[in-house]
Amino acid sequence: MGAPLAAFRQSLASAVASRQGLSEETAHALAGQIREPEAGRGDLALPCFQLAKSLGLPPPAAAQKIAESLKDHPDFAQVEAAGPYVNVTLATALLVDAVVPAARVPGFGGSDSGAGKTVVIDFSSPNIAKPLAFHHIRSTVIGAALGRIHRALGWKVVGINYLGDWGKQFGLLATGFQRYGDPQKRADAKHLVEVYVKANAEADVDKVKATLEAPKLAAELLAQVTAAQAALAAASGDEKKKAEKSLKSLEKKLRVQRGIGEEADVLAGADAWLAELEAKRAAAELARPSIEARDQEARMFLKRLEEGEATALAEWKEFRETSIREFERIYAKMGIEFTSLEGESRYTNVLEATVDKVRQKPGTAIDQGAEIVKLEGQKKGEPPPMVKTKDGTTLYLTRDIAAAMDRYERFHFDKSLYVVAADQSLHFSQLFAVLKAMGHEWAEKCTHVAFGRVHGMSTRRGSVVFLDEVLEESVSKAREICVQSDRIDAANLDEAVEAIGVGAVVFGDLKNLRGSDYTFKWEEVLKFDGHTAPYVQFAHARACSILQKGGGVPAAVELRHLVLPEERAVLMALARYPEALERAASELEPSLVTRAILDVAQTTASWLTAGNQDRSRRVLVEGDEALKGARLALIDAVRNTLQHGLGLLGVRAPRAM
RNA sequence: GCGGGUGUAGCUCAGUUGGAUAGAGCGUUGGCCUCCGAAGCCAAAGGCCGCUGGUUCGACUCCAGCCACUCGCGCCA
């Protein structure tokens, strides 16, 4: 099938090389420099800065010379030197023949570049006992999209939903349930979440610790501010600048802690603040024994699990299944599938053996009761990887080491991806470093596909939004709009509504570069205008509708009739699509696919709307069957590409909306 | 304090790996439905690309130093 754009670049580069007597090698290098020109200046642009050197001419003269030499080349309809650039317009025949037939074939954009290779993708991976909150959408849709993209490129894909089904949080749920759980609701996922949230709050030893230390820290900070103020008053010259800076940063810290604004005097009411913190401290002191006991209880539950105690295991199994059922309900709604649903518990039996392997190489040491890995080249201040707690239980890292080794044995992967939030970069750099130190060369094939946080959601402030809730809301908004449409018959309404509502949310996430953070806002996730899923779906539906009205694409078409600027824009957008897929896979960046199909949708919308004013520019143009046939073929290519691209993202494309 | 990330239009974000006059969406202003689908199209306004220096014919892009925000930094995952 090939990538048309790459072929165009190559043919331009080869043409230049052969006419200037340059080697194939330089031709190849040249191809890499070719880009797209400014709007209205053709299809390809070759910057001549480096060529100028080898030709011994100033860049504009080199461009002139090269342009002259290409003037009669059959592949190029127009060649123009513009300053140091050569702008080339492709011959229509070349462009249309390379793009349209290929783009009409189902699976356009895919390739076999990954044939014989295996990628393991660890994604979604929620914790049992915790709710599936909105932010879980990120790992879920990014991982699923990367899976589909790789599959389209010929890779064998193993998608693993690696549940957090082992660990202290499970102890919190189990012991919490004994206290607050409604025995009638043992299988109610929402109830389990309530219990977990409550149990977690009542065993929050970190918060108690912080509250206990708060008055002391606050007093210190106040003293520092006072001292800094005095220092500033006494300072002069260079010293003064420094003193100002340090005071400013201390004041800012204080403002944040006190929760006061820019204008307020930082020291005003400090006594009352201290008194308040002191009161909280006293309360925390009283609550401390019970909180520590609850925490201990949860830890002990994990201990019992790790020792294989039957009743604990039975309870664990039951809660686990309840959670999974709830997760699967939501995955089904989003069309997410996994090759394997497993979890940390898979490795409970091999953890001792895993720790033993680490002990042999690179070795471990006991530090403050915990067992840490001896790594060379550790920078000071960097926390050492830890494989066992002071209780003798294992940690996340221990289990991930076991899992990574297991995955390599099972799949002999060429890539192993962990689609996990960027917060955990340290964990993954430790994981990979330990694996490497154990002698596993394949550690280099492992990548942390980090993504940014979703801000504005905090469990503590109770502002957590459930993923399901967002999907529901979006679907109901889609329904409101769809029922007003006379284009869509009752039989297909539900399907379209789901596709649009869920699609908008999924697409909204996959539009941003995965690395960047964003803030959750209802009006953002529920956006249907502008560059959103409904926009692309709309273009697709229009294409379907025109194809239907036109009676489909004729058997024989003369594509050379596609000469409108609007049509060329669509052709170029289609030509870029396969390359976007390859890059999305190599850069692990699904947003490249999102943006590529937005480009197709947008150029198509402009093209089709141009036909509203001017009947001669319509696809279903009257009185010219040959032209109509060519345009139908192009609109079919658009239809096929949009459907494929949306599919890769996990968004369905209704035929009407 | 140490390490990572981010800083581009009022807001949300792209920027093809160093190339021409830095681009979209939202919002604002103006225009386009006797309709091949207005969830759309066309146009306008809006920019010291965080700051300063360096490398280069050329820097939003690379390097150094600052500033701001943010995440992480031992027994959670």
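Remember, it's a predicted structure, so these values are computed and weren't measured experimentally. When reading the values below, keep in mind they use all heavy atoms of this one structure, side chains included, and skip hydrogens, waters and symmetry mates. By convention in this document, chain letters (A, B, ...) are assigned in the order of the sequence lines, proteins followed by strands, and residues within each chain are numbered from 1.
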If we only count heavy atoms from C-beta on, is the A:C482 to A:L493 side-chain gap below 4.5 Å?
-> yes
Any N/O donor-acceptor pair, A:N87 side-chain to B:A20 base, under 3.5 Å = yes
When the P atoms of B:U8 and B:U70 are considered, how many whole Å apart are they?
-> 15 Å
If only side-chain N and O atoms of A:R542 are considered, is one of them under 4.0 Å from the OP1 or OP2 phosphate oxygen of B:G37?
-> no
Of the candidate nucleotides B:A39, B:G15, B:G74, which contains the atom at the shortest distance from the side chain of A:L513?
-> B:G15
Base, sugar-phosphate, or nothing for A:S606, non-hydrogen atoms under 4.0 angstrom?
-> sugar-phosphate
Taking the P atom of each, how far is B:G50 from B:C11, in whole Å?
-> 14 Å
How is A:G167 classified with respect to the nucleic acid when contacts are heavy atoms under 4.0 Å: base, sugar-phosphate, or nothing?
-> sugar-phosphate
Glycosidic conformation of B:U17, syn or anti, with 90° from 0 as the boundary?
-> syn
Which of B:A38, B:U70, B:C75 is nearest the side chain of A:K390? It is B:C75
Determine the Euclidean distance between corresponding P atoms of B:A44 and B:U6; express it in Å to zero decimal places.
-> 33 Å
Is a side-chain donor-acceptor pair under 3.5 Å present for A:E306 with A:T393?
-> no
Which base sits across from B:G3 as a Watson-Crick or G-U pair, both distances under 3.5 Å?
-> B:C71
Between B:G40 and A:N612, is there an OP1 or OP2 to side-chain N/O distance shorter than 4.0 Å?
-> no
Provide the distance between the two C1' atoms, one in B:C67 and one in B:U12, to the nearest whole Å.
-> 24 Å
Assert yes or no for the condition that the ring centre distance of A:F520 to A:H455 is strictly below 6.0 Å.
-> no
State which of B:A77, B:C75, B:A39 makes the closest approach to the side chain of A:N127.
-> B:A77
Looking only at atom C1', what distance separates B:G37 and B:G46, rounded to whole Å?
-> 32 Å
Touch class at under 4.0 angstrom, heavy-atom based, for A:Y535 against every strand present | sugar-phosphate
Base, sugar-phosphate, or nothing: which does A:I635 touch, judged by heavy atoms less than 4.0 Å apart?
-> nothing
Reckon A:R631 touches a base, only the sugar-phosphate, or nothing at all at heavy-atom distances under 4.0 Å?
-> nothing
Considering heavy-atom distances to RNA chain B, does A:Y518 or A:R618 have its closest nucleotide positioned more toward the 5' end?
-> A:Y518
Listed nucleotide nearest any side-chain atom of A:Y396, set B:C41, B:A77, B:C32 = B:A77
Choose from B:C41, B:C71, B:G74 the nucleotide whose nearest atom is closest to any side-chain atom of A:Q602.
-> B:C41
Is A:C482 touching bases, backbone alone, or none of the nucleic acid, heavy atoms closer than 4.0 Å?
-> base
Is there a Watson-Crick or G-U wobble partner for B:A64 with both distances under 3.5 Å, and if so, which one is it?
-> B:U52
According to a strict under-4.0 Å criterion, is A:K511 in side-chain N/O contact with OP1 or OP2 of B:A24?
-> no
Donor-acceptor contact present, side-chain A:D517 to main-chain A:V454, <3.5 Å | no
For B:C60, does the O4'-C1'-N9-C4 (purine) or O4'-C1'-N1-C2 (pyrimidine) torsion place it in syn, i.e. within 90° of 0, or in anti?
-> anti
Selected nucleotide, minimal atom distance to A:L620 side chain, candidates B:C41, B:U16, B:C36 | B:C36
Residues A:H561 and A:D624: side-chain donor-acceptor under 3.5 angstrom | no
Describe the nucleic acid contact of A:Q424 in one word from base, sugar-phosphate, nothing, applying a heavy-atom distance below 4.0 Å.
-> base
A:R299 side chain N/O closer than 4.0 Å to the phosphate oxygens (OP1, OP2) of B:C76?
-> yes
Contact class for A:R576 vs. all strands (heavy atom < 4.0 Å): base, sugar-phosphate, or nothing?
-> nothing
Which part of the nucleic acid, if any, lies within contact of A:A610, taking any heavy atom under 4.0 Å across all strands shown: a base, the sugar-phosphate backbone alone, or nothing?
-> nothing
Do A:D367 side-chain and B:G74 base share a donor-acceptor contact under 3.5 Å?
-> yes
Are side-chain N/O atoms of A:D122 and A:S125 paired as donor and acceptor at under 3.5 Å?
-> yes
Ignoring hydrogens and geometry, is there a side-chain-to-backbone donor-acceptor pair from A:T348 to A:S345 under 3.5 Å?
-> yes
Look at all strands and tell whether A:T532 reaches a base, only sugar-phosphate, or nothing, counting heavy atoms closer than 4.0 Å.
-> nothing
Establish, with yes or no, whether the OP1 or OP2 oxygen of B:A20 is under 4.0 angstrom from a side-chain nitrogen or oxygen of A:R35.
-> no
A:T609 side-chain proximity, nearest of B:A20, B:G40, B:C76 = B:G40
Distance, P atom - from B:G18 to B:C13, rounded to whole angstrom = 24 Å
Pick base, sugar-phosphate or nothing for A:A541, based on heavy-atom distances below 4.0 Å to the nucleic acid.
-> base
Using a heavy-atom cut-off of under 4.0 Å over every strand shown, decide if A:I481 touches base, sugar-phosphate, or nothing.
-> base
Side chain of A:S516 (C-beta onward), nearest among B:A14, B:A24, B:G40 | B:A14
Look at the side-chain N and O atoms of A:R487 and state whether any lies under 4.0 Å from the OP1 or OP2 oxygen of B:G37.
-> yes
For the side chain of A:A45, counting heavy atoms from C-beta on, which of B:C76, B:G74, B:A20 is nearest?
-> B:A20
Select base, sugar-phosphate, or nothing to describe what A:L426 touches, counting heavy atoms under 4.0 Å on all strands.
-> sugar-phosphate
Any side-chain donor-acceptor pair under 3.5 Å between A:Y518 and A:D509?
-> yes
Are a donor atom and an acceptor atom from the side chains of A:D614 and A:S616 found within less than 3.5 Å of each other?
-> yes
Which nucleotide in the list B:A39, B:C71, B:A77 gets nearest to the side chain of A:D529?
-> B:A39
Could you say whether A:E524 or A:R399 is positioned toward the 5' end of RNA chain B, judged by the nucleotide with the nearest heavy atom to each?
-> A:E524
Looking across every strand, which nucleic acid part, if any, lies under 4.0 Å from A:E36 by heavy atom: base, sugar-phosphate, or nothing?
-> nothing
